[in-house]
Structure formats: structure tokens, C-alpha cells
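What follows is one structure encoded as C-alpha cells, with my remarks underneath.
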Amino acid sequence: MEKTVRVRFAPSPTGALHIGGVRTALFNYLFAKKHHGQFLIRIEDTDQTRFVPGAEEYILKALAWCGIIADESPAVGGPCAPYRQSERKAMYAQYAYRMIEEGNAYYAFDTEQELEEMRERLKAARVASPQYNAVTRMQMKNSLTLPEEEVKERLASGAPYVIRVKMPRKDEVRLNDLVRGWVVVHTSTLDDKVLLKSDGMPTYHLANVVDDYLMKITHVIRGEEWLPSAPLHVLLYKYLGWEAQMPQFAHLPLLLKPDGNGKLSKRDGDRLGFPVFPLNWQDPFKPEDNASGYKEAGYFPDAFINFLALLGWNPGTTQEIFSMQELIEAFSIERINKAGIKFDIDKARWYNQQYLKHKDEAELATYLLGELSKHKVECSVEKAQKIVRLMKERAVFLSDIWSEAQYLFFSPKDYDEKAAAKWSSEAASVLAEYAKDLSAHSGSIDAEKAKQLLHDRTEQMQIKIGKIMPALRLALTGRAAGPDLMDIIMLLGADEAASRIQAALLHLKVAV
RNA sequence: GCGCCGUUCGUCUAGGGGUUAGGACACCACCCUUUCACGGUGGUAACACGGGUUCGAUUCCCGUACGGCGUACCA
């Protein structure tokens, strides 16, 4: 009988949740749901110096916006509560002590300065890997080098210490990563990582292993930046006697900068003009860390998720559009790629456009109505729906609908320069007559009628209808492009259309 | 530096010992159209390099190059 799948997303509350973190959460979620297991959120706040107020709320809110809901979390609780490592502080030390008793860890008393000196010394001696390890630890101040009496005294006096893992000098650790296959590392290349810090808090390495064990995690799905320390974690499971319960590992490829080198960062977003976070973020300490989010940029959560899901994973078919449910059904770890992914915002835009196109018109109309009431403009639901139908096929974002629709409510203040340059006296003369036709018609007018009037007019004046269309658009909207003009006249009404033409005639006369 | 991981069109990717190397985004052209967009059709464009193994390698192995990550009492 297979164990119930239990996976976790374990962010640390140091700021906004990066898009890469969202993807990691998503893959965990998809995997859990696919196997009818549980997805939990655990807050890794063991570094109190990096704690940022509001970050945890942000993370939870961001995931909720994405539709990633946890079965267990600090917010909803669960059988393994608490889900904040700071609240689990008392649980970790015992495991570190156990490792000391069994000879797999030791106390270390070195000061920061002494550690610094050691690194300098090793660097000067051109040591290949300057670290606190099986050979260098014998020159440091720890329970392996100090007389037993002195160790006892130091501990009794309350002197600060850390607990470090005693990395074997000559051994091999192997782990079978679900994405990468067998990874073999020699312990001689690993160092004596700190397990328990001098403030009594565990480091990530200890906390994550202890909690994953206690929370019965079956699969650890996390970013590739953890791959180098995975062998240490494997060793910890062994030392703690939990080998049989050790979760399987899957290390995800990283999201990389669109250009240049390195991981995708906040700076890339600022520089290239796209969000790197799901939601807007206001940093309580550093205003320069404020960031814009996909939500506020007008992306739909389902489009955003769809886009993210196909970064480093693919279904093996040509299907591109997936609902969350479809993603759950299609997802498998075997189809996760190994190579890093250069981030491409164009694909995200395309996804958003696809989703916008298929959005319910009533929903879009509600949005438009909301924007309108913000600007104190009256508009009926029916009219809003008509507008939405017109605007949505050339929109990528929700906000495009509003910015495009504005000229239906406010007459143009200025005119597109390129289009204005093509303004001809010929078109102007037709338009002057057409405005009169519209005025004569007065009141509401349908697109058919508007077209009929224009048709008659151009016929009578013997001018091709195509010649004056751009001018008409310019007069009516101030723009060079947009939806069908007759529909626009219908929406505007005959009188408003006529007066806009008059205004344009006046305004653009100079430019002739 | 050292360790680990990676490398198919510009980007995301499918594929895998014998294929016209497939799809999507972006780009270009044409069609549709009053314009823009949508839509449709078509197009440009890729197996990093060098050695093996093999009848045959883009696919398997080894190097090299390039890239990524790690190398904290950060996660």
C-alpha cells in the first residue's frame, strides 16, 4: 500500500513571493492533487533577522489568488500544527543533541571573527575548497578539539555555541532525484554545516528535515538551488534513523533572466518592464523593494497559472490551454525538464489574451462598469456588454478594455498625429456633410443606418468610402485604430457623433 | 577556485540510433478588413563543439566549451 502523498511549499517570509516560488508551489499543489494527497504550507522563519512583517500574509494571499489552496497551513491549521518554524523552535534541539550523542555532530564555539580568519587562511594557502570540514575542524574551537572539561565549562557557563554536523571525511552520498536521476556526491566536498544556531534556532537544513519527517512529507519538490545541499539532508535522515521515511526529492529547473545571465530577479522585472511577483508588494522597511504584481498588471490568475505550469513542464501533447483541473490531471514529475528556463513575458501576454477572449462577457462588463463608476460615468449594463464585445478581441489585458473604451465616453482631447497628417480637405468636406446627415437623424442610431447615411453621402459626392474612413475614425475617437466605426457611432449616438465631427473639423482645419 | 546540475529554432518545448527534426510564442509575407486587432494560409529559424561506440548518431559514452546553482550561525 502506497503512502498518501504529502508535499509542502516552504517559503520564508522575507518579502514578496517570487514568481519562481509560485511555480514551485504550483508544482507541489498539482502533484498532491493528482495523487489525491495533501498540500501544505510551512513558513520557514528560522532567521529572525530577515523576518519582514506582512510577508506571510502576502504569500498566503498570493497563492490564494492563484487558486493554490493548502490543506494544511498556518492559516487553516492541521494535524501537524504549528506550521510556522518559529513556533516549533523547541522541537529541533533534541535531534541535534541526539546526533551529538551518536557522534554525528558536535558543539562549536568559534566566533564569527575566527571563522573569518580560517577562511582567509585557507584561501591564502590556496586550499581548493576553503570550508569548515573534516580536516579544518581540528584547528577550530569545538567539542572535538577542546578538552572535555573545557567543553563542559563553556556549556555550563552559557557561552554561545552552535551545533555542526560531523561530515564524514571519506564517504559517498547518493540520492535518486526524480527529475535528475542518480546524483552522487563525495562527503569530502561537503562541509560541517551548522545545524543549530547560537540563538537556539535550527538552520534550514535541520528544520526542513525534522519537519518533513514530522509532517510525514513523501516528496520534496523544490528549486534546483537546493540540489547541492540535498546530500546533506540525505545524511541527516540517515543520522536520525529516518532513512525508511525519507521523502523522494525532485529539484526543479530555475527561472532565468530573459537576457544575460543568472536567476530571474526583481531587478529584471523593473529593467524589462514586467512583474516578477504575483501581487503588488509594499515593503514595510525598504520602499525600493516595492514591486508590481501580475494581478494588478491585469493578468488573470488562471492565465498566469497556465503560463507558469508550462515553464519547465509539458504535457507531452500539443495542448497549450489548461484549466487548473486539467493541469492536475495531466501533471507528472517525469515530464519536468532539467534545464533552466529563460523567462519570456510574451508568452504570458499571449496566455492572457487567450483567456480574455474566452471570458464571460458579463464578467468583463462588470469590470468595465466598475472602472466607469470610478470615473463617475453612467452606463447601462447592456451598453457595457456591447462595448466589451467590441473591445475584447483587440485586448490583452482587462485594462485595455477600459483604456480603449474611454473615447466612447469622453470626446477626444487630441488627435493621433500620424493619422492627422493624412487629414485631407476632400475627407473633411464629406465629413462636414455627414455630420449634418447625422444631426438630421438625431437621437439613437443603429450601425446599419449610420452606414447607410455614409454610403449615400459618399456616393453622392463620388468619393470612395475607404478614403474617408480613417478621417472619420480620427474625428470620432482621435485614434488611428479601433473597432468597427459604425458600431462606434451607434454607441455614441447620432448627435454626439455629429458634434465630434464638427469639433474635429474645427480643430484639424489648421493642419490642412 | 572547488562541487553539483544542465545544453534541440531568438524563447518555451516534442522527439529520440535510420524523421522532410514536430508544435507554441515572437518575427515576416499573404488573405480577410475602412484601420488596428482577431482569424486563416504560408515562411525564416535549432540538435554547442571534438572524440569515441555503431553499418548509421542529434539521440548512447567520454572530453571541451558555454551556462546555471551552491560554496553563510540565509533560506
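What you see is a predicted model; the values in this text were computed from it and never measured. Within every chain, numbering begins at 1; the chains are lettered A, B, ... in the order of the sequence lines, protein sequences first and strands thereafter.
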Can you tell me if the side-chain N/O atoms of [X] get under 4.0 Å from OP1 or OP2 in [N]?
X	N	answer
A/Lys357	B/G39	yes
A/Ser229	B/U71	no
A/Arg479	B/C36	no
A/Asn314	B/U13	no

What verdict does the side chain to side chain contact (heavy atoms under 4.5 Å, CB included) test give for A/Thr145 and A/Arg137, after you've listed the backbone C-alpha separation in whole Å, the side-chain angles of each residue and the deciding distance to 0.1 Å? CA-CA 8 Å; A/Thr145 58; A/Arg137 65 176 165 241; over 6 Å; no
side-chain hydrogen bond (donor to acceptor under 3.5 Å, both in side chains) against [X], all qualifying residues, sequence neighbours excluded:
X	result
A/Asp211	A/Gln85, A/Arg88, A/Tyr92
A/Thr136	A/Asn133
A/His233	A/Arg222

With a 4.0 Å heavy-atom cut-off, tell me which residues in [range] come close to RNA chain B, sorted by residue number.
range	value
residues 334-344 of chain A	A/Arg335, A/Asn337, A/Lys338, A/Ala339, A/Ile341, A/Lys342, A/Asp344
residues 173-181 of chain A	A/Arg180
residues 10-20 of chain A	A/Ser12

With both distances under 3.5 angstrom, what nucleotide forms a Watson-Crick or G-U wobble pair with [N]?
N	result
B/A37	none
B/A21	none
B/C66	B/G6
B/G42	B/C28
B/G1	B/U71
B/A57	none

For the residue pair A/Gln460 and A/Asp456, confirm or rule out a side-chain donor-acceptor distance under 3.5 Å. no
Have A/Asp110 and A/Tyr161 got a donor and an acceptor in their side chains that come within less than 3.5 Å?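 Judged by distance alone, the side chains do not pair up.
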Checking A/Arg154 against A/Phe109: charged group under 6.0 Å from the ring centre and within 45 degrees of the axis?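 The answer is yes; both the distance and angle limits are met.
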Which pairs, protein N/O on one side and nucleotides 64-68 of chain B N/O on the other, fall under 3.5 Å?
{"from": "B/G68", "atom 1": "OP1", "to": "A/Gly262", "atom 2": "N", "distance (Å)": "2.9"}

Of the candidate nucleotides [options], which contains the atom at the shortest distance from the side chain of [X]?
X	options	value
A/Glu44	B/A75, B/C25, B/U34	B/A75
A/Val194	B/C73, B/G3, B/A37	B/C73
A/Lys197	B/A75, B/C25, B/U34	B/A75

Any pair with a residue in residues 338-350 of chain A that passes side chain to side chain donor-acceptor pair (under 3.5 Å), sequence neighbours left out, goes on the list, sorted by first then second residue, please. none
How far does the P atom of B/C25 sit from the matching atom of B/A21, given to the nearest Å? 22 Å
Atom C1', compared across B/C66 and B/C27: separation rounded to whole Å: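 Result for the C1' pair: 26 Å, nearest Å.
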Who pairs with [X] by side chain to side chain contact (heavy atoms under 4.5 Å, CB included), at least two apart in sequence or on another chain?
X	answer
A/Lys197	A/Thr46, A/Asp47, A/Val194, A/Asp199, A/Met201, A/Thr203
A/Glu426	A/Ser424, A/Ile463, A/Lys467
A/Asp259	A/Lys257, A/Arg271, A/Leu272
A/Lys422	none

Which of these passes side chain to side chain contact (heavy atoms under 4.5 Å, CB included) with A/Asn314: A/Glu320, A/Arg335, A/Gln319? A/Arg335
Distance criterion of 3.5 Å, no angle test: do you see the side chain of A/Lys193 paired donor-to-acceptor with the base of B/A72? no
Given that A/Ala480 and A/Thr111 both sit by RNA chain B, which one's nearest nucleotide is further toward the 5' end? A/Ala480
Given that A/Trp182 and A/Ser198 both sit by RNA chain B, which one's nearest nucleotide is further toward the 5' end?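 It is A/Trp182, whose closest nucleotide lies nearer the 5' terminus.
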Name the one of A/Glu172, A/Lys170, A/Arg169 that satisfies side-chain hydrogen bond (donor to acceptor under 3.5 Å, both in side chains) with A/His186?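 For A/His186, the side-chain hydrogen bond (donor to acceptor under 3.5 Å, both in side chains) test succeeds with only one of A/Glu172, A/Lys170, A/Arg169, which is A/Glu172.
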Which atom of A/Ala339 lies closest to which atom of A/Pro253, heavy atoms considered: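 Where A/Ala339 meets A/Pro253 most closely, the heavy atoms are O-CB, 3.1 Å.
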